[in-house]
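Reading through the structure tokens given below for one structure.
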Amino acid sequence: MATLEFVARRLVWAVFVILGIIIVNFILLRLAPGDPAAIMAGQAGATDEQYIAQLRAQFGLDRPLHVQLYTYIFDVARLDLGFSARQQVPVADLIFQRMPATLLLTGVAFLFSLGVGILLGALASRRAGGWADSFITVLALAAYATPIYWLGLMLILLFSVWLGWLPAYGMATIGGGAGGLAYSLDVARHLLMPALTLGLFYMAVYARLTRASMLEVQDQDFVKTAKAKGLPDWRITRAHVLRNAVLPVISYAGFQAGHLVGGAVLVETVFGWPGIGRLAFDALLQRDYNLLLGVFLFTAIMVIVFNIITDIVYTLVDPRIEVGR
Amino acid sequence: MTDRDARLLSIQDLTVALPAAAERAHAVENISFDLSHGEILCVVGESGSGKSVTAQAVMGLLPATLKPTSGKILFGDEDMLKLSESRLRRIRGERISMIFQEPMTALNPLMRVGDQISEMLQFHGMGSRRRRQARVLELLEAVQLPDPPAMMTAYPFQLSGGQRQRVMIAMALALDPAILIADEPTTALDVTTQAEVLGLIKALQAERAMGVMFITHDFGVVAEIADRVAVMQHGRTVEIGAAQEVLNHPKADYTQRLIAAVPGLTPPEALPFTEREPIFEARALEKIYRSSRGFFRGKREVVAAKDVSFVIRAGETLGLVGESGSGKTTVGRCVVRLVDSDSGELLFSGQDIAALKGNALLPMRRNVQMVFQDPYASLNPRRKVAKIIAEGPRAQGVPRREAMDRAFELLELVGLGRSAGERYPHEFSGGQRQRIGIARALALRPKLLVADEPVSALDVSVQAQVLDLLDELRRKLDLSMLFITHDLRVAAQVCDSIAVMRLGEIVEYGPTGKVFADPQHAYTRQLLDAIPGKGWRGPQQAA
């Protein structure tokens, strides 16, 4: 089957891509000043050279760089991401522990931005230049141009500090009940602001994409045919215009989906969301090489997987496209 | 039902205003004509004559920028211009339906063919899915599509242009409309496909006693199917009458000019070229396009040229004739070396140019030049015309001054005048742009001109002018030409000899007069038979 063959070929490619990513990330990280041993020693208040050297030996940091790289690649090939130097826990455990929180946040933001974005774009295109169009365009532009952390801070200020409606920090109320519906509601209340903050940017992107694409499709011949068939407007918009207009949106959505698992460093940090983004951020501050490399690797794999999925989705939506080279 | 006098549709004094900034005030002005039961009325005109606007007005589908300002379009006792949107929607598709010019774009690319027809039945109230399916099958059969059940689930991209147009016709006929409006439905089709589709429309029309309003620019098509003809120019009807009357005894000046511009099918007396030296020769030219489809499946191969051989003598025009996909354009591109051939020789004055590369090509470029089909896409919109023309000589090392002077001279030669050089391409009409394209090709004083469908994008009257210009130039400059065309009428007029191509091979090759009078290959005969209006010889002969 063509699709299986396509996936197989892309996976073979992916191995090389991932290898390249590991090497580049590995070297980039080592370019940053300081290493985990120095930082741990510094935090422990010890400046004893011997202690640091001992730590380095313990983490294998005293060996030549290319040997370390080689060892790392070899470990990864055996699906071993190593230990976090700081937390003394396997890196894979840390990542999987944080993943649900990140997926919840990014997934909700993804669905929100895609759904609302396409809806707004379609509405705006119905009467280009009308008041609804102007309003949506301005809204999209504002969402597009607003820095994400600033928006997050303003939301916190408004809804948490002034109005006191929503919690500003974390994923669940500490000490809250652990069970059932109450817990879900609690998480949902915590989720609202970060998801909105994260989704608004992409929502703006989708709204603009959809609008432009709809306007283009509206002028095409088959829409004229649909009108000449005597179809009602809503049917023309939905079955003929929107279906064709949504194609470019899909490629962008695939791009966004690839970044879902990488988390959102800024939003997770602003809202104290315990996801992978913050894990990576903390690991960076502590020069926790293995953990950071693990997060990067994991993210890269997800991007590749979602790219393949996007290509396949494309062939499902558009029969003209064959998965090929 | 066969009451021929009963008026089905009556357009009375219709005027549609153009937006304020347009070059004329009205898209159509005071036009009136009727369409009767069981009649095919051809509305003929060149681009901008208002024929499509008329059709859109009848459907109630005018773009928002065009407003009907006076007149009536009576369908039964209802005025289409006054009906509510919902009433119009009922009429569209159910009572009046329409097919369009571009079968490639007129169907939704993401929807199965059967669903596109079925959707129409559904929204006009045919509730049961089973009944819709049955009706779709019946329709696909009626338009003679092969394997209707498979067609139902096919997507438009899997169909050829002719098949798509049949689907459009099936869709238009789905609800047995009283009127079919066909807006240039065969213009984008190959000549043999066109003949089939015209035959189909005519047969279905007769069977259902429909009134057909057939919009076209092609008098050959008119001669083929029209009962009555309305000729339009600049938004007015200049002549209306029975087809035989208008075709053979046109009264209005404009109609006479239009008909005179239709190239005749009798080739001019062949010139004695045989004694002149060959300037270009192709020997066993071959080009196959291959695309890889993956590890396990075979490569897709398209044979664009196979064992193609021909000779062009000094001063001769060789016509390369064929339908789309015949490989004629590929051969032309190999000759100017825009495409690399796989094997074979291309001899220009005895030298093989097929294998030349890089700088070695430069002298050859001077000798062989090309005129392209689309006068809109083939000129750089951001450069002034004189610069476009001078670009070739500049690349060949001609000093700037001299190249520019030559450019202005050429503009005079092609009848545009020197002032044209300081303007941009978008300021010119299609015919004028094609003149610029010719001037550009001539700038290098080529000995061989490859003209790829140079007039197919132009209106008939403009086409005649450009053909005259080419003829004049070839005499004046002793040019040889490889003239690529799908239009046998044009070929008959322009070419000294003709090579008929089919699926990458030349199936017949000989002097034009001989090919037309006594075609040897079955495919040539089929092509000649398919020429619309072949029986019509124009007013001169009929008089």
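The chains referred to below are lettered A, B, ... by the order of the sequence lines, with proteins before strands, and numbering in each begins at 1.
- Within the 4.5 Å cutoff, side-chain heavy atoms of H240(A) are placed close to those of M111(B).
- Minimum interatomic distance between D318(A) and L110(B) (heavy atoms only, all atoms of both residues): OD1-CD2, 3.3 Å.
- Proximity to chain B is absent for every atom of A226(A), based on heavy atoms less than 4.5 angstrom apart.
- Other residues, nucleotides and ligands contribute only 12 or fewer heavy atoms inside 6.0 Å of the CZ atom of R126(A).
- Top candidate by heavy-atom pairs under 4.5 Å with chain A, chosen from Q116(B), R90(B), Q158(B), is Q116(B).
- When side chains are defined from C-beta on, T225(A) does not count as touching M98(B), because their heavy atoms never get closer than 4.5 Å.
- Counted within 6.0 Å of CZ on R129(B), heavy atoms from surrounding residues, nucleotides or ligands total 12 or fewer; the atom is thus considered open.
- When all heavy atoms are compared, the tightest approach of P109(B) to P319(A) is O-CG, 3.8 Å.
- Once rounded to the nearest 0.5 Å, the distance linking CZ of R89(B) with CG of D233(A) reads 5.5 Å.
- More than 12 heavy atoms of other residues, nucleotides or ligands sit less than 6.0 Å from atom CZ of F26(A).
- Of the listed residues (Q220(A), K227(A), R235(A)), the greatest number of heavy-atom pairs within a distance under 4.5 Å of chain B belongs to R235(A).
- Of all the listed residues (M59(B), E102(B), M171(B)), the one sharing the greatest number of non-hydrogen pairs under 4.5 Å with chain A is M171(B).
- Heavy atoms of other residues, nucleotides or ligands lying less than 6.0 angstrom from CZ of F135(A) number 12 at most.
- The two atoms that bring L231(A) and M120(B) nearest to each other are CD2-CA, 4.4 Å, heavy atoms only.
- With a 4.5 angstrom heavy-atom cutoff, E119(B) touches chain A via backbone and side-chain atoms both.
- Annotation: R238(A), atom CZ; neighbour count of heavy atoms from other residues, nucleotides and ligands within 6.0 Å does not exceed 12.
- Interatomic distance, NZ of K229(A) versus CG of L175(B), reported as 11.0 Å (0.5 Å rounding).
- Within 6.0 Å of atom OH in Y70(A), 12 or fewer heavy atoms from other residues, nucleotides or ligands are found, so the atom counts as exposed in its surroundings.
- For the atom pair K224(A) NZ and L61(B) CG, the distance stands at 9.5 Å (nearest 0.5 Å).
- The environment of R127(A) atom CZ is sparse: at most 12 non-hydrogen atoms of other residues, nucleotides or ligands sit within 6.0 angstrom.
- Only the backbone of L107(B) comes within less than 4.5 Å of a heavy atom of chain A; no side-chain atom from C-beta onward does.
- Proximity to chain A is absent for every atom of M104(B), based on heavy atoms less than 4.5 angstrom apart.
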